[in-house]
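Lettering follows sequence order; numbering is per chain, from 1. Computed from heavy atoms alone, side chains included, the values below leave out hydrogens, waters and symmetry copies. From a predicted model like this one, the values you see are computed outputs, not experimental measurements.
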2 protein chains.
Amino acid sequence: MPHPAVIALESCSTIADRVFDQLRQAIVAGEIPPGSKISEPVLATRYGISRGPLREAMRRLEATNLVERKPNVGARVITLSNAQLLEIYVIREALEGMAARLAAERMSDADIGALQALLERHRHEVARDDWQTYFQQEGDLDFHFRIVQGSGNRRLVDILCNDLYHLARMYRCQFGMKSDRAREALKEHGQVVEAIAERDGELAEWLMRRHIRASRQSIERRLAAEKD
Amino acid sequence: MPHPAVIALESCSTIADRVFDQLRQAIVAGEIPPGSKISEPVLATRYGISRGPLREAMRRLEATNLVERKPNVGARVITLSNAQLLEIYVIREALEGMAARLAAERMSDADIGALQALLERHRHEVARDDWQTYFQQEGDLDFHFRIVQGSGNRRLVDILCNDLYHLARMYRCQFGMKSDRAREALKEHGQVVEAIAERDGELAEWLMRRHIRASRQSIERRLAAEKD
DNA sequence: ACAAAAGACATTGTCGACAATTTATTGAGT
DNA sequence: ACTCAATAAATTGTCGACAATGTCTTTTGT
């Protein structure tokens with residue numbers, strides 16, 4: 001069963017759309033490592049297509065900030081610096097805070113119930129100590145994904161799911177990022193869900209922002225520790 | 001002198017890049033009206049280019065959400081519904097609130113001085129009653145633009161300037177949007193700048209959010225009044 | 001031996017043509 | 001006259017080839 005957080009693949013009717021999805025997934029998964037040059041001929045032959053559709057896919061990747069491109073020179077997969085990762089968390093704090101507020105106001109009771117069920121499942125997973133941190137992180141993204149969708153703001157969903165989440169996953173695939181914050185994060189998730197269930201938008205936003213800020217600060221500490 | 005809020009045109013070294021800028025400008029300005037179908041042959045001949053670069057530009061426009069595209073059917077300029085416009089203001093509230101907070105923390109004294117000077121200029125302009133509301137709105141965007149840049153968050157600048165601001169301008173070109181809120185907006189701008197000058201990030205965020213929320217509510221009222 | 005220029009090579013950018021799909025038109029049948 | 005099917009036209013999707021630009025190698029001069 002595919003993970004819920006995995007955004008549904010687009011209609012594969014055209015080659016350009018399909019290869020865009022494939023390339024994005026390959027980049028996010030680290031199969032095409034960051035900073036590596038993207039050669040149109042080799043990629044075209046690898047995917048068995050012409051350069052036309054490939055270039056269209058590249059333009060979309062360029063627009064989504066997954067590749068950097070210099071005219072007449074070529075394109076490279078972006079290398080997400082530590083500073084850029086922190087930048088993303090700042091934006092997530094703002095956007096997902098707002099999403100939590102809207103979700104508290106507009107989410108259906110059924111969806112809130114599903115969210116609570118998901119949280120319960122995560123609690124059981126975390127209780128098992130052998131559980132891979134990777135899947136813990138996926139569960140984290142899944143949680144955030146649902147709340148963002150609960151906001152009912154189409155463009156908000158779009159920005160987070162089509163840009164920021166992919167970048168976050170890319171960074172995670174790049175470095176292990178084993179989180180020792182799983183239990184605290186889970187507790188914070190519970191607080192957010194509770195606020196949403198009580199339809200307290202202001203509190204939900206405040207809690208979500210604090211949660212993401214704590215994640216960011218955890219990463220900052222880890223990065224500072226690595227610096228030695 | 002080109003307006004400061006006009007984002008610098010990209011390097012025009014390649015046809016695809018140049019036509020992307022031209023198309024985006026034409027769409028935002030309403031020269032290519034919303035909802036109109038974009039025919040590749042006619043556009044290619046109009047710009048005197050081949051369909052290859054045109055399609056690459058279209059893919060970028062698709063990724064920036066300025067055109068909607070159905071495979072094997074074609075692309076249309078998006079029609080920004082009232083609900084979507086309000087969605088954008090909600091996102092702006094979240095993002096620009098955060099931008100104001102960061103600007104208060106990180107903006108240089110010189111940039112703050114320039115911001116205050118800009119505000120003073122706007123005060124004089126508003127004092128003249130004959131001043132076109134269009135340029136008032138441009139001044140408004142200019143103000144917001146500078147604060148977003150002052151945040152020092154590259155991706156935040158990117159999201160707002162490459163996506164949301166274009167959409168806001170597009171909507172404004174679509175409908176007149178004569179604002180009777182110029183004086184109030186100016187006063188709110190002054191409050192934000194004051195908070196930034198005092199390096200009070202929390203207050204700056206709060207004031208900026210209230211400012212954008214007030215703008216959104218003003219639009220909501222106008223839309224509700226039009227509904228009759 | 002080193003630097004700069006000239007050339008060869010590879011890659012990107014652009015174009016025109018063909019294939020596949022959709023849309024419009026025509027025609028037959030009821 | 002209307003509906004549905006078949007055909008024709010137009011548009012989108014894809015491909016291979018050529019031109020332009022950049023990069024690397026070789027060569028030449030000091």
Output, in order, the C-alpha distance, side-chain angles, deciding distance and verdict of salt bridge (Lys or Arg N to Asp or Glu O under 4.0 Å) for B:Arg169 and B:Glu138. CA-CA 9 Å; B:Arg169 287 153 79 92; B:Glu138 281 297 326; 3.2 Å; yes
Ring centre gap for A:His189 and A:His122 strictly below 6.0 Å: no
Spacing between A:Ile49 atom CD1 and C:dA19 atom C1', to the nearest angstrom: 17 Å
Taking atom types as modelled, find out whether A:Arg106 and A:Ser151 have a side-chain donor-acceptor pair closer than 3.5 angstrom.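 Side-chain D/A pair, A:Arg106 to A:Ser151: absent.
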Give a yes-or-no answer on whether the side chains of A:Asn65 and B:Asp158 include a donor-acceptor pair shorter than 3.5 Å.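 A donor-acceptor contact under 3.5 Å links the two side chains.
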What residues, two or more places apart in sequence or in another chain, satisfy salt bridge (charged side-chain N to carboxylate O under 4.0 Å, His left out) together with A:Glu56?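 In terms of salt bridge (charged side-chain N to carboxylate O under 4.0 Å, His left out), with neighbours along the sequence ignored, A:Glu56 is linked to B:Arg55, B:Arg59.
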Close N or O pairs between protein and nucleotides 10-13 of chain C (under 3.5 Å):
from: C:dT12; atom 1: OP1; to: A:Lys37; atom 2: NZ; distance (Å): 3.1
from: C:dT12; atom 1: OP1; to: A:Ile38; atom 2: O; distance (Å): 3.3
from: C:dT12; atom 1: OP2; to: A:Glu40; atom 2: N; distance (Å): 3.2
from: C:dG13; atom 1: OP1; to: A:Asn72; atom 2: N; distance (Å): 3.2
from: C:dG13; atom 1: OP2; to: A:Arg55; atom 2: NH1; distance (Å): 2.6
from: C:dG13; atom 1: OP2; to: A:Arg55; atom 2: NH2; distance (Å): 3.2
from: C:dG13; atom 1: N7; to: A:Arg51; atom 2: NH2; distance (Å): 2.7
from: C:dG13; atom 1: O6; to: A:Arg51; atom 2: NH1; distance (Å): 3.1

